Amino acid sequence: WQRLDTAGAVQFGVLNMTEFAYGPTGHNYHFGHCRNAWHPDYITGGSSSGAGTSVAARANFAALGSDTGGSIRLPAHFCGVTGIKPTYGRVSRAGAMPLSFSMDTVGPLARTVEDCALILGVIAGSDPADPTTSGQPVPDYLAALERPVKGLRVGVPKGYFYDGADPAIETLVRTSLDVFRSLGCEIVEVGVRGIEPWNQAATAIIAAEAAALHANWLRERPQDYSDQVRARLELGAAISATQYINALRLRDHALKAWLAEVMSGVDALHVPCVAFATPTIAETDVGGGQRMGQVLAQVTRLMRPVNYLGLPSLAVPCGFQPHGLPCAFQLIGRPFDEALLFRLGHAYQ
């Protein structure tokens, strides 16, 4: 906020969000569920639910969100706006609602890639108030936007990201590749494997760190939590130290494997944000019941591996599903390569 103030930004409102940033659908049982600007019966995605739908409704120029398991990119997809999940450590989290200290990131949602680049350029950089921020210099994201993308290699995965995909979603995402071809990009098919364990590891880390953060309140005032958030925190309290440490230990190996096996021959990976048709609020109103884990895992399935690896990912709208709700693809890059993602996304838009 201080950096935005210095740059001349005007903050004029407070937005709804998922309770304690712990939910991917936009449900909030205290302040009311967020409503999708395209159709109020459908989910906005979360946890940055108010951020996504307010930008989609043109109520504001842009908004900040947090992304621990997809919480910027999910609202971008469901609400038809652009959102950037930066590299872990690229933007300070000081003062933001914490959830998982080793995976939380903060970034903007806006109408366009250009707007996201403008805002990220202001808020990125090291911050003494957040010792996890990186000292890597912040490039001029806006200046990089107009560089041609001809010759860049855009990777398309053979598996995982399209497994069980809704045909309409797959068609929209794959059709967007035609634009990159027309711009002179080379589309390269790449193999991806062994990702599901990373998803499970990310879930364990978030659950354990969230439970540790909320331990006192969960013990002293459990009745104040909604059923879903309380149930998830209780599950996190059951994660063993061995599970948690092993999940953390795997990260360096997983990142090296991803960069060597998936990213070695491409500049960015092009994948869906979500592989199924946007559901209604009622369909995903599972509370803390038996279906909770299944529903939440399905929503974040294509998001959490990116958070686990700490990589940057840009969500870009690419049309509308048959029932009129938006769709987006995500561009995944190497650590601190947001400028290249912006360059590709801007060229597409």
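As the structure is a prediction and not an experimental result, all values here were calculated from the model.
Heavy atoms from other residues, nucleotides or ligands lying under 6.0 Å from NE2 of H30 number more than 12. Counting non-hydrogen atoms of neighbouring residues, nucleotides and ligands closer than 6.0 angstrom, the CD atom of Q2 reaches no more than 12 such neighbours.
Within the 4.5 Å cutoff, the side chain of I206 has heavy atoms near those of the L99 side chain. Side-chain contact between L248 and S102: present, with at least one pair of heavy atoms (C-beta onward) separated by less than 4.5 Å. Within the 4.5 Å cutoff, the side chain of L109 has no heavy atoms near those of the C116 side chain. Residues C327 and H77 are in side-chain contact: their nearest non-hydrogen atoms beyond the backbone lie under 4.5 Å apart. The closest side-chain heavy-atom distance from Q223 to R230 is not below 4.5 Å.
When each of C34, C79, S71, P108 is tested with S48 by the rule side-chain contact (heavy atoms from CB on, under 4.5 Å), just one qualifies, namely S71.
By the criterion of side-chain heavy atoms lying less than 4.5 angstrom apart, applied directly or through intervening Ile, Leu, Val, Met, Phe, Trp or Tyr residues, V156 is grouped together with I169 in one hydrophobic cluster. When hydrophobic clusters are built by joining Ile, Leu, Val, Met, Phe, Trp and Tyr residues whose side-chain heavy atoms come closer than 4.5 Å, directly or via intermediates, L296 is not grouped with L302. Under a hydrophobic-cluster definition in which Ile, Leu, Val, Met, Phe, Trp and Tyr are linked whenever side-chain heavy atoms come within less than 4.5 Å, directly or via other members, L311 and V192 are assigned to the same cluster. By the rule that hydrophobic residues join a cluster once side-chain heavy atoms approach within less than 4.5 Å of another member, L145 and V138 end up as members of one cluster. Residues F336 and L309 are members of separate hydrophobic clusters, defined by side-chain heavy-atom contacts under 4.5 angstrom among Ile, Leu, Val, Met, Phe, Trp and Tyr.
Here the side chain of Q243 pairs a donor or acceptor atom with the backbone of S240 at under 3.5 angstrom. Judged by distance alone, the side chain of D115 and the main-chain N or O of A110 form no donor-acceptor pair under 3.5 Å. Side chain of D67 to main chain of I72: a donor-acceptor pair is present (N/O by atom type, distance under 3.5 Å, no hydrogens or angles). Between the side chain of S49 and the backbone N or O of G46, no donor-acceptor pair lies under 3.5 Å. Judged by distance alone, the side chain of Y308 and the main-chain N or O of R251 form a donor-acceptor pair under 3.5 Å. Under the 3.5 Å distance criterion, the side-chain polar atoms of R58 are matched with a main-chain donor or acceptor of V55. Looking at Q330, its side chain never comes within 3.5 Å of a backbone N or O of L314 through a donor-acceptor pair. K85 places no side-chain N or O within donor-acceptor distance of the main-chain N or O of V306, the cut-off being under 3.5 Å. In this structure a side-chain-to-backbone donor-acceptor pair under 3.5 Å is present from R3 to I123. Although no hydrogens or angles enter the test, the distance criterion places a donor-acceptor pair under 3.5 Å between the side chain of R334 and the main chain of M263.
Figure legend: cation-pi geometry between R193 and Y160 absent, as NZ or CZ is not positioned both under 6.0 Å from the six-membered ring centre and within 45° of its axis.
Within the model, atoms CD of E114 and CD1 of I119 stand 11.0 Å from one another, a figure rounded to the nearest 0.5 Å. In this structure, CG on L183 lies 10.5 Å from OH on Y348, to the nearest 0.5 angstrom. In this structure, CG in L255 is found 8.5 Å from CH2 in W198, a value given to the nearest 0.5 Å. Between atom CG of residue L341 and atom OG1 of residue T87 there is a gap of 8.0 Å, rounded to the nearest 0.5 Å. For the atom pair T18 OG1 and M97 CE, the distance stands at 11.0 Å (nearest 0.5 Å). Between Q136 atom CD and R90 atom CZ the span is 6.5 Å, to the nearest 0.5 Å.
For D178 and T175, the side-chain atoms include no donor-acceptor pair closer than 3.5 Å. Side-chain contact of R35 with N16: a donor-acceptor pair under 3.5 Å is absent, judged by distance alone. At a cut-off of 3.5 Å, with distance as the only test, no side-chain donor of T53 or N36 sits close to an acceptor on the other residue. A donor and an acceptor atom, one from each side chain of T105 and R93, are nowhere located under 3.5 Å apart. For Q228 and Y22, the side-chain atoms include no donor-acceptor pair closer than 3.5 Å. A donor atom on one side chain and an acceptor atom on the other are found under 3.5 Å apart for S54 and N60. With no hydrogens or angles considered, a side-chain donor-acceptor pair links N246 and R249 at under 3.5 Å.
V262 and V190 get closest at one heavy-atom pair: O-CG1, 4.0 Å. Of all heavy-atom pairs spanning S92 and D127, the tightest one is OG-OD2, 2.6 Å. Across all their heavy atoms, G135 and S126 have their closest contact at CA-CB, 4.3 Å. Residues H270 and P157 approach most closely at O-CD, 3.4 Å, considering heavy atoms. The minimum heavy-atom distance between A268 and L344, with the atom names listed, is CB-CD1, 3.7 Å. Of all non-hydrogen atoms in A117 and L142, the two that sit nearest each other are CB-CD2, 4.2 Å.
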Problem set entry | side chain to side chain contact (heavy atoms under 4.5 Å, CB included) between T133 and V91, worked out | CA-CA 6 Å; T133 50; V91 177; over 6 Å; no
Exercise. Would L74 and V274 satisfy side chain to side chain contact (heavy atoms under 4.5 Å, CB included), going step by step from the backbone distance to the final call?
Worked result: CA-CA 8 Å; L74 286 168; V274 174; 3.5 Å; yes
Exercise. Between T82 and Q349, does a side chain to side chain donor-acceptor pair (under 3.5 Å) hold up when you go through it step by step?
Worked result: CA-CA 10 Å; T82 306; Q349 289 188 337; 3.1 Å; yes
Exercise. Under the side chain to side chain contact (heavy atoms under 4.5 Å, CB included) criterion, do H33 and T44 qualify, and how do the steps go?
Worked result: CA-CA 9 Å; H33 306 322; T44 57; over 6 Å; no
For this session: Evaluate the criterion side chain to side chain donor-acceptor pair (under 3.5 Å) for residue pair R304 and T203; output intermediate values, then yes/no.
Result: CA-CA 8 Å; R304 284 196 173 182; T203 300; 2.8 Å; yes
Exercise. Given the rule in the side chain to side chain donor-acceptor pair (under 3.5 Å) test, do H27 and E19 qualify, once you have shown the distances and angles that lead to the verdict?
Worked result: CA-CA 8 Å; H27 287 76; E19 178 185 349; over 6 Å; no
For this session: Evaluate side chain to side chain donor-acceptor pair (under 3.5 Å) for D104 paired with S66, printing each intermediate quantity in order.
Result: CA-CA 7 Å; D104 290 342; S66 64; over 6 Å; no
For this session: Start with the C-alpha gap between I84 and F342, add the side-chain angles, then the distance that decides, and say whether side chain to side chain contact (heavy atoms under 4.5 Å, CB included) holds.
Result: CA-CA 9 Å; I84 178 75; F342 285 144; 4.0 Å; yes
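You'll find the ring centres of H214 and Y225 inside the 6.0 Å limit. Taking the centre of each ring, F78 and W38 stay at or above the 6.0 Å mark.
The aromatic rings of F329 and F180 stand perpendicular to each other, their planes meeting at an angle above 60°, with 30° marking the opposite boundary.
For the pair R181 and E186, the salt-bridge criterion is not met [side-chain N within less than 4.0 Å of a carboxylate O].
Judged as a side-chain hydrogen bond (donor to acceptor under 3.5 Å, both in side chains), the pairs with a partner in residues 273-292 (not counting sequence neighbours) are, in order, Y29-D285, T278-Q321, T280-E283.
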